[in-house]
Each structure stands twice: as structure tokens, then as C-alpha cells.
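Report on the structure given below.
Letters A, B, ... are given to chains in the order of the sequence lines, protein chains preceding strands, and every chain is numbered from 1. The model shown is predicted, which means the values in this text are computed figures rather than measured ones.
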There are 2 protein chains.
Amino acid sequence: MATKTKARREDLRLKLIDLAEAQITEQGLASLRARDLAKAGECSVGAIYNVFTDLNGLVLQVNGRTFQRLGKQVASAITDMETAPACERLIALSHAYLDFAQNNYRLWNALFGIKMTSDSNIPAWYQTTLDLLFAHISKPVSEIFPEFNAADTQLMTRGLFSSVHGVVLLGLQQRASSAEISRMLTLILSNISQNKVF
Amino acid sequence: MATKTKARREDLRLKLIDLAEAQITEQGLASLRARDLAKAGECSVGAIYNVFTDLNGLVLQVNGRTFQRLGKQVASAITDMETAPACERLIALSHAYLDFAQNNYRLWNALFGIKMTSDSNIPAWYQTTLDLLFAHISKPVSEIFPEFNAADTQLMTRGLFSSVHGVVLLGLQQRASSAEISRMLTLILSNISQNKVF
DNA sequence: CCCCTATATTGAACACTGTTCACTGGAGGC
DNA sequence: GCCTCCAGTGAACAGTGTTCAATATAGGGG
């Protein structure tokens, strides 16, 4: 029956995602090669294209995993912090983001290294996970700025996320030390909250 | 004589930089092709490699031009603003950065799209221009935070630059409107300066 | 249990990259 | 005008991702 074929395909699918994830982790996105993948997965090059539309599709699956791990890890940084000041929660979130990016540098970089041609196919999980992240930021933001209207709250939330992303991105790219990047995040976020932490 | 050869090479060099710049402006960095360049420049593919070490070297020259224009344009945003509050100068700088990125989107993107293999060859002008940008930011920062020591001033400067970069990068990538990105920058910078502008 | 057909898998071939280097043509000294 | 020598050439090379005619296999019907 067709189940056997389907099961084999699903096995291959998972195996290829695992292999691609390992390869990106060890050598970076740019090192991913269809022929190497086929050899490591003990299948033909063509088989990859039976299971994914193209290599980008495979990377998208890896990114899905990465992004979900990122979401969970950042979220877990503020569990048991409900009572902490909003400013401290923001800082904890940003440091969790930094930690993840540092400990998963190549996978994290692959999130943004994908070719975004034919923009329509940005997967749903991307926006979903991002929205979840934004929700975590949005809460402290509305506590710090209760006078903001909805639009400004959303813009400040997106802006702060982008800020933290920028600091981490450029910081890691220029090989700044963990302490320096950490300090930059703290300086910015604590001053935005008008609640200086020196 | 050798002067003639040298002059011809120099002409070709400039012509190729112009052509590459035009191509990136119109179709983006990913569309740059050695053969197309040779055809447009009325030379052989090999001639390109007589004048540049490789295509990356050519792109580096284009990026040099772009980065210098960026530096000038951002700097000019705060000439005649010496008397303005530091916060407003920061916002003006960030908006100038946004304007440049918007009006030169593909060239600006090419600044970060270059392959950074063999990291040693990051050109001197890169750090020089960046230092100049940092100097412009550093001045308002030390006015707003006179109590900061030198290390923190530098970290806040780099942090704010990275923040603005992040907001512009993600903003333009997600096709946010100019007004939204502008507002995000204003919200963040005016609150950091504890000098709200609503 | 054994065909037989529809479907899945294969990997050589294709289209396209950047880069090289043995050749060639012409510039410039004698 | 001849003869070096060297700059310019572009066909060839080494790698990519992707395809698709050929092959192998699955699994239902006799």
C-alpha cells in the first residue's frame, strides 16, 4: 500500500532535516550542499526534491525548529518573573535572546540567510512565533507606558524587539564580548524604562 | 609605455565600478554576474580579474562609495543643529539613516550582503567611516548622560547605532511604512533621552 | 504466488555560477 | 621594420542547484 512509501518519505524528510540542522550548526548555512546531504542521508540527490520543493524549503524546516526553540527559550526567561519590575523583565528577555543567538549562532544566522524570493511563501509559523515574542514584550511595554495608545504600544514593542535584534546582530558580527553586548542591552532598556540600573 | 596600460586599466576599473553600482541599484547584489559585467563593459571576463581580485573586491569598491555617501548624508542631517537638544539631534541622525537606507535600499543592503570570508581584509575605510558615524552619535550621548564613564558612553553609542540599524533593517524588510519606522525611532530615542516627544 | 501497471526513485545530464590560464595580438624599444 | 614581452582574451574548469528520461519497486488482481 501507499503507507509504506509515505512512511519512507517521512523518515527521509526527518533525516534530511536532522542532517541539514547538524551541517548548519557545524559549518554554517553556506556550507549546505545537495550532494553532501544525499550522501550523508544515503539517498539520491533527486530524492531530496521528492520531499522538499528545493533546498530553501529544507532550510525553512530547519529554521522552523530553530525559531520555535528560540521562542520557548526567550519565553522561559520570564516565567516566575511576574512580580519583577517591567524593566527587569525586558532586560531578561533581551539577555535570553542574546544567549540563544550566541549558543546557536549559525542556526540563528540561518534564520535571516534564507532567500526571500517569491515573498508570498513566508510560512505561517514565522509570523505566529514572532507574534508570541511580541506578546511577551508588549506586556512590560504597556506597564511602562500606560499612557500609550494601542498603535504606539505596538510600535514601541516592534521597535524594542528590532533594537535588541540589532544590538545582538552587530555585536556578535563584530565579535564583541558577551559582557559588552549584555551591557549595551541593559543600558538601552533600563534608560528607556527611566529606571536606571547601573 | 606603461602609463597607457595603467590608464586603460584605471578607466576599466572605474567603468566596472559604475556598472556594478548601477546593476546593484537596479536589480540587487544577487543579480551581479561576471559575464554580464564584461559584456556591458565591453571587455573580457578575464579583464575583470586583472583589475579586481574577484567579484567581491569589486563589490567592496561599490560598498566603499555607498558607505561614504551614507556617512556624508547622515552627517549633514545635524549641521546647523548644534543648538538643538541632544535628543533631537539623535532623532535627526536616525531619520537620516532611515532616509538613506530607503532611498538606496539595494545598495545599502549590499553593504551587509558581502561574503566576509578571510576576515582580515575588512578595508580600513569601513572602520574609519563607522568611527565618524559613532563620533556624531557620541556627542549627543555624552550630553544626555554626562555621568557616564568613557566605557559606558562608547557602549551606549554603539548600542544606539545598532538599535537604529535594527529598527531600519527589520522595518524595511517587513515593508513597514516610512511613517511607522520613523515613529519607532522617535519613540525609542525620545524615551531614552527622557525627553518625550509625542 | 506471480504478473503487471502505476508510481516512486534514481543519478547522469543540464543550466548557470565564479575563476583560471595557455594562447594570441599588439605595443614599444632597438 | 623586426622582435620581444606582456596585457588581454575567452574557452575550459570546477562547483553549484535542479530536472527528467530511464529504471526499479510496490502492491493489487488473477
Side-chain angles (χ1 to χ4, degrees), chain A residues 1-17 19-24 26-63 106 110 113-118 121, chain B residues 1-17 19-24 26-63 106 110 113-118 121:
Chain A
M1 39 180 156
T3 42
K4 185 156 189 179
T5 290
K6 202 161 189 180
R8 196 167 358 126
R9 270 167 120 101
E10 192 54 27
D11 281 356
L12 182 63
R13 192 186 144 77
L14 287 178
K15 199 204 286 185
L16 287 175
I17 298 176
L19 286 168
E21 188 174 25
Q23 179 63 30
I24 294 173
E26 281 158 31
Q27 308 271 359
L29 177 60
S31 79
L32 202 67
R33 235 121 270 172
R35 283 164 184 79
D36 296 349
L37 222 45
K39 182 167 285 184
E42 292 169 309
C43 69
S44 66
V45 274
I48 299 172
Y49 294 87
N50 292 335
V51 176
F52 301 102
T53 60
D54 54 16
L55 278 195
N56 245 322
L58 170 52
V59 175
L60 222 56
Q61 296 303 314
V62 175
N63 283 353
R106 296 204 174 97
I114 215 167
K115 284 176 196 161
M116 281 302 189
T117 50
S118 77
N121 56 13
Chain B
M1 35 177 158
T3 40
K4 186 154 188 180
T5 290
K6 203 161 187 180
R8 200 170 352 132
R9 271 168 117 99
E10 192 54 28
D11 282 356
L12 182 62
R13 191 184 144 79
L14 287 179
K15 199 203 288 188
L16 288 175
I17 298 176
L19 286 169
E21 189 174 25
Q23 180 63 31
I24 294 172
E26 282 158 29
Q27 307 273 357
L29 177 59
S31 80
L32 202 67
R33 235 122 269 174
R35 283 164 183 80
D36 295 349
L37 223 45
K39 182 167 284 186
E42 291 169 310
C43 69
S44 67
V45 274
I48 299 173
Y49 293 86
N50 292 336
V51 176
F52 301 101
T53 60
D54 54 16
L55 278 196
N56 244 321
L58 170 51
V59 175
L60 222 57
Q61 296 303 314
V62 175
N63 283 352
R106 297 203 174 96
I114 215 166
K115 283 174 197 164
M116 281 302 190
T117 50
S118 78
N121 57 13

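D/dT16 atom P lies 13 Å from atom NZ of A/K115, rounded to whole Å. Taking atom CG of residue A/D11 and atom C1' of nucleotide C/dA8, one finds them 15 Å apart after rounding to whole Å. One can place CG of A/L12 at 8 Å from P of C/dT10, the figure rounded to the nearest angstrom. The CD1-P distance, from B/I114 to C/dG18, rounds to 14 Å in whole Å. Taking atom CG of B/L29 as the reference point, atom P of C/dG18 lies 11 Å away to the nearest angstrom. If you measure from atom NZ of A/K39 to atom P of D/dG15, you get 13 Å, rounded to the nearest angstrom. Between A/R13 atom CZ and C/dT9 atom P there is a gap of 14 Å when expressed in whole angstrom units.
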Sort me out a list of protein N/O and nucleotides 22-25 of chain C N/O pairs below 3.5 Å, or just none if empty.
none

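Less than 4.0 Å separates DNA chain D from at least one heavy atom of each of the following residues of residues 44-56 of chain B: B/S44, B/V45, B/G46, B/A47, B/N50.
One finds the CG atom of B/L32 at 5.5 Å from the CD1 atom of B/I24 (value rounded to the nearest 0.5 Å). To the nearest 0.5 angstrom, B/R13 atom CZ is 13.0 Å from B/N50 atom CG. Distance check: A/E42 CD to A/L12 CG gives 10.5 Å after rounding to the nearest 0.5 Å. With values rounded to the nearest 0.5 angstrom, A/D54 atom CG is found 11.0 Å from A/I48 atom CD1. How far NZ of A/K15 is from CZ of A/R8: 11.5 Å, rounded to the nearest 0.5 Å. Note that the CD atom of A/Q27 and the CZ atom of A/R33 stand 9.5 Å from one another [nearest 0.5 Å].
For D/dT25, neither phosphate oxygen OP1 nor OP2 lies less than 4.0 angstrom from any side-chain nitrogen or oxygen of A/R8. Residue B/R9 places none of its side-chain N or O atoms closer than 4.0 Å to OP1 or OP2 of D/dA7.
Counting any heavy atom pair closer than 4.0 Å across all strands shown, A/L37 reaches no nucleic acid atom. Residue contacts shown for B/L58 are absent, as no nucleic acid heavy atom lies under 4.0 Å away.
For A/R9, there are no salt bridge (charged side-chain N to carboxylate O under 4.0 Å, His left out) partners two or more places apart in sequence or in a different chain.
Put simply, the side chain of B/L37 reaches to within 4.5 Å of the side chain of B/L55, judged on heavy atoms.
One N or O on the side chain of B/N63 and one on the backbone of B/A110 form a donor-acceptor pair closer than 3.5 Å.
When the nearest nucleotides of DNA chain C are assigned to A/R35 and A/C43 by heavy-atom distance, the more 5′-ward of the two goes with A/C43.
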